[in-house]
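I have placed the structure first, in the form of structure tokens, so that the comments after it can refer back to it.
Here the structure is a predicted model, which is why all the values come from computation and not from measurement. The chains referred to below are lettered A, B, ... by the order of the sequence lines, with proteins before strands, and numbering in each begins at 1.
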Amino acid sequence: MPPRPPQAPPENTLDRIMGERRAKASALREAGSDPYRNDIAPTISLHAVRERYAATKPAPVEPVERVPGERPATPDVITPIDGEPLRVAGRVMVKRGSGKMVFAPLRDASGDLQLYINIEHLDAGDFATILPRLDAGDQVAAEGPAFWTKRGELSILVKRLWIVTKSLRPLPDKWGGLEDLETRYRQRYVDLVVNTEVREVFRKRSAIVSGIRRFLDARRFLEVETPMLHSIIGGAAAKPFATHHNALDIPMYLRIAPELYLKRLVVGGFERVYEVNRNFRNEGLSRRHNPEFTMLEMYQAYATYTDLMNLTEELVGELAREVCGTTALTWDGTPVEVAAPWRRITVQDAVRELGGIANADEVFSDPAVAAEVAIASGVPAADIARVLREGIRGDDMGDQAELTAGFKDAARRPALAKALIERYPDDLARRVRAGHLGYLIFEATAEAKLVQPTFLTQFPLAVSPLARKNDKDPAVCDRFELFVCGKELANGFSELNDPDDQRARFAAQVHAKAAGAAETMDYDEDYCRALEVGMPPTAGEGIGIDRLVMLLTNQASIRDVLLFPLMRPE
RNA sequence: GGGGGCGUAGCUCAAUGGUAGAGCAUCGGACUCUUAAUCCGCUGGUUCCCGGUUCGAGUCCGGGCGCCCUCACCA
């Protein structure tokens, strides 16, 4: 080895490897072979080659024992299957072999297939100029007939070889692979090259989304696109990403939900619409939350929330059969059966049966009882105080901080609650407040216990500002949420289409905000105007696509079903 | 934002407070059926960053950065 010049900077392994590969690229260029060429395309995919010759597989020949370094007497005679030249292309995954013979497994979008490169068969020019500059990671094209090796591996007997893209960075270790989560997420392109099971997850994701489209298109739903830039926050309760439009000089928000626009379309006469697209919520990250996530929202006129529960069972069952081949799934170690029918249980029954709250009936009718049970269930005193304050009409709701402090004191709490409740206008207001607290109790005690697919129904009015009131009990709405393994996957309801009721609900949202609720909907005047034009009776639903993909691909983290999950910039 | 864990060669991982190592990859050599190829040889380090304790720090302490888990938030 020549001694390194004294002025040369210290070189780490990566710099040295990349330097060597750049030198190979230059050498290729000098030899008249562009290392970034775009004049060679494959005529057949690697998987198609396998399919084509699968039936011709011979019995494997017993390998001859060889002493390392000893030269065989004569080269092997190789018999191509049909002699037809094939041109394939892909990434070289490893380069394995000797001076006169190289095995190079290739990977393309369809699968893997190995090249057999041999001095007896490869073009002499390619052998001299291309092969020595070939590294694992390079994109190559190769031409030659297919044959079976003695060990029974289908291979291309390479007669012509091109490096079509020289790779400068080394691939991760062929045995250790790429494990580091941070690198896998930040450099997903490497993850996808190396980890075939990751490719499989995202292929399934694509199949799921197209399956959803097929399912809905077959039922005469119209796919639409509605604005992602909103000037009013609505359709859900969440913190938005705020931005600004320069030409109009107005604040704008990335949408947190498409709901209110989709229902305007139902008013307009599109009786069945859906949209599959991104929502943005400026909130924390977790295994189930990414700030941008994909939601399917669909609306069907003349349907009820019960119809949509049935439709959801059918849709998920069909997707599971299509994508997983079964409805008996496993998610994060838990067996999950998604074949219909799924359990349907009201919030109140869930609190009683799953939350173990024996007096659930009382909880959902008496806010004072609900407050005590909520405290015992671990609901923060501040939330309880805020919810009870919201029941008071008018501006004088008392001081939130003072009330919270009072609610933390078991001796003072009953009197404080009583004082608030006495100022409620009527019994319905009491039951609405009790229901709201009951829902907080559900979250604290029962939510995690909804493991098998379960529709939770009859949501409290106060947490459902866009849902239709139940005909028999105006304190609850005809709404459901779908839970699997304690995670919310879908949310649907019969739509509120009474414009005056909707105005009252928006007003309640504004009131709740004044009471200290962090996330509420803005009053959407135009949406009320649309309802005044008249929306036919309709049911609508949103399904979290990322979480659905998690279920159908058995992934525990949302990051593993997002190609590029949000990361702090490097 | 709180709590816990992790961060060492391109990759996967070691290293009682005492000379920073292995396997793979790379590079050089041998080898015409490999598939974790094999054999011989050589390289390769800001131990995430800054500071401190110590005769001596990858290791202990403080601060920071990043990632993972968890709690909170996400009606």
Side-chain angles (χ1 to χ4, degrees), chain A residues 1 4 10-21 60-61 63-64 66-78 93-105 112 114-122 135-137 147-153 155 157 168-186 190 194 236-239 256 281-291 293 380 383 386-387 390 435-436 439-440 442-443 459-460 462-465 479 481 488 491 509 512 517-521 556-557 559 565 567-570:
Chain A
M1 288 212 95
R4 181 166 292 153
E11 233 183 358
N12 63 33
T13 314
L14 180 60
D15 288 340
R16 182 168 55 73
I17 291 172
M18 291 185 67
E20 287 158 1
R21 291 186 171 209
V61 176
V64 183
R66 283 185 49 225
V67 182
E70 188 181 304
R71 199 178 286 256
T74 52
D76 288 314
V77 176
I78 292 168
M93 299 310 293
V94 298
K95 188 183 174 187
R96 187 191 303 132
S98 70
K100 298 197 175 83
M101 172 215 68
V102 168
F103 286 95
D112 292 5
Q114 75 174 5
L115 300 182
Y116 178 72
I117 301 165
N118 184 310
I119 192 169
E120 299 291 324
H121 300 90
L122 180 63
D135 288 303
F147 76 105
W148 292 95
T149 67
K150 289 178 187 171
R151 303 289 169 83
E153 181 86 23
S155 312
L157 178 62
L168 299 182
R169 290 180 181 270
L171 288 177
D173 182 58
K174 61 175 176 280
W175 189 239
L178 180 63
E179 295 289 325
D180 183 72
L181 279 176
E182 185 174 356
T183 311
R184 286 188 44 219
Y185 296 148
R186 289 193 191 277
V190 179
V194 175
K239 296 188 195 76
I256 57 173
R281 297 186 183 176
N282 204 341
E283 287 156 1
L285 292 83
S286 80
R287 290 207 311 172
R288 323 181 206 12
H289 298 88
N290 196 67
F293 62 99
D383 292 345
R386 177 177 51 75
V387 167
E390 283 176 28
H436 194 161
Y439 186 72
L440 298 181
F442 161 80
E443 290 183 313
F459 273 63
V463 298
S464 314
R479 172 180 173 189
E481 281 190 358
E488 180 193 341
N491 173 22
Q509 288 288 300
E519 279 109 25
T520 58
M521 292 183 201
S557 173
R559 296 182 194 95
M567 305 284 274
R568 195 176 288 277
E570 285 181 272

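- Summarising the base pairing, B/A22 is matched to B/U12 through a Watson-Crick or G-U wobble pair whose two defining distances lie under 3.5 Å.
- Here A/Lys174 reaches the OP1 or OP2 of B/A25: one of its side-chain N or O atoms lies under 4.0 Å away.
- Comparing the C1' positions of B/C33 and B/G28 gives a spacing of 25 Å, expressed to the nearest Å.
- Phosphate contact (OP1/OP2 of B/A36, side-chain N/O of A/Arg96, threshold under 4.0 Å): absent.
- If you measure from atom CG of A/Asp135 to atom P of B/G28, you get 10 Å, rounded to the nearest angstrom.
- As rounded to the nearest Å, B/C67 and B/U54 have P atoms that lie 35 Å from one another.
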For nucleotides 68-72 of chain B, print each protein N/O atom paired with a nucleotide N/O atom at under 3.5 Å, atom names and distance only.
from  : atom 1 : to       : atom 2 : distance (Å)
B/C68 : OP1    : A/Arg559 : NE     : 3.1
B/C69 : OP2    : A/Arg559 : NH1    : 2.9
B/U70 : OP1    : A/Arg287 : NE     : 3.4
B/U70 : OP1    : A/Arg287 : NH2    : 3.3
B/U70 : OP2    : A/Arg287 : NE     : 3.3

Between A/Phe293 and A/Arg281, does a side chain to side chain contact (heavy atoms under 4.5 Å, CB included) hold up when you go through it step by step?
CA-CA 8 Å; A/Phe293 62 99; A/Arg281 297 186 183 176; 3.6 Å; yes
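- Remark: the separation of the C1' atoms in B/C27 and B/A9 is 15 Å, to the nearest Å.
- A gap of 12 Å separates the P atoms of B/G45 and B/G21, to the nearest Å.
- Using the Watson-Crick or G-U wobble rule with both distances under 3.5 Å, B/C6 pairs with B/G66.
- The shortest distance between side-chain heavy atoms of A/Ser155 and A/Thr149 falls below 4.5 Å.
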Provide a list of protein-nucleic acid N or O atom pairs under 3.5 angstrom, restricted to nucleotides 3-5 of chain B.
none

A/Thr183 and A/Val190: CA distance, side-chain angles, deciding distance, side chain to side chain contact (heavy atoms under 4.5 Å, CB included) verdict:
CA-CA 8 Å; A/Thr183 311; A/Val190 179; 5.9 Å; no
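- When the C1' atom is used for both B/G5 and B/C73, the distance is 22 Å, rounded to whole Å.
- Atom name C1', nucleotides B/C6 and B/U12: the rounded distance is 16 Å, in whole Å.
- Across the C1' atoms, B/G51 and B/C13 are found 29 Å apart, a figure rounded to whole Å.
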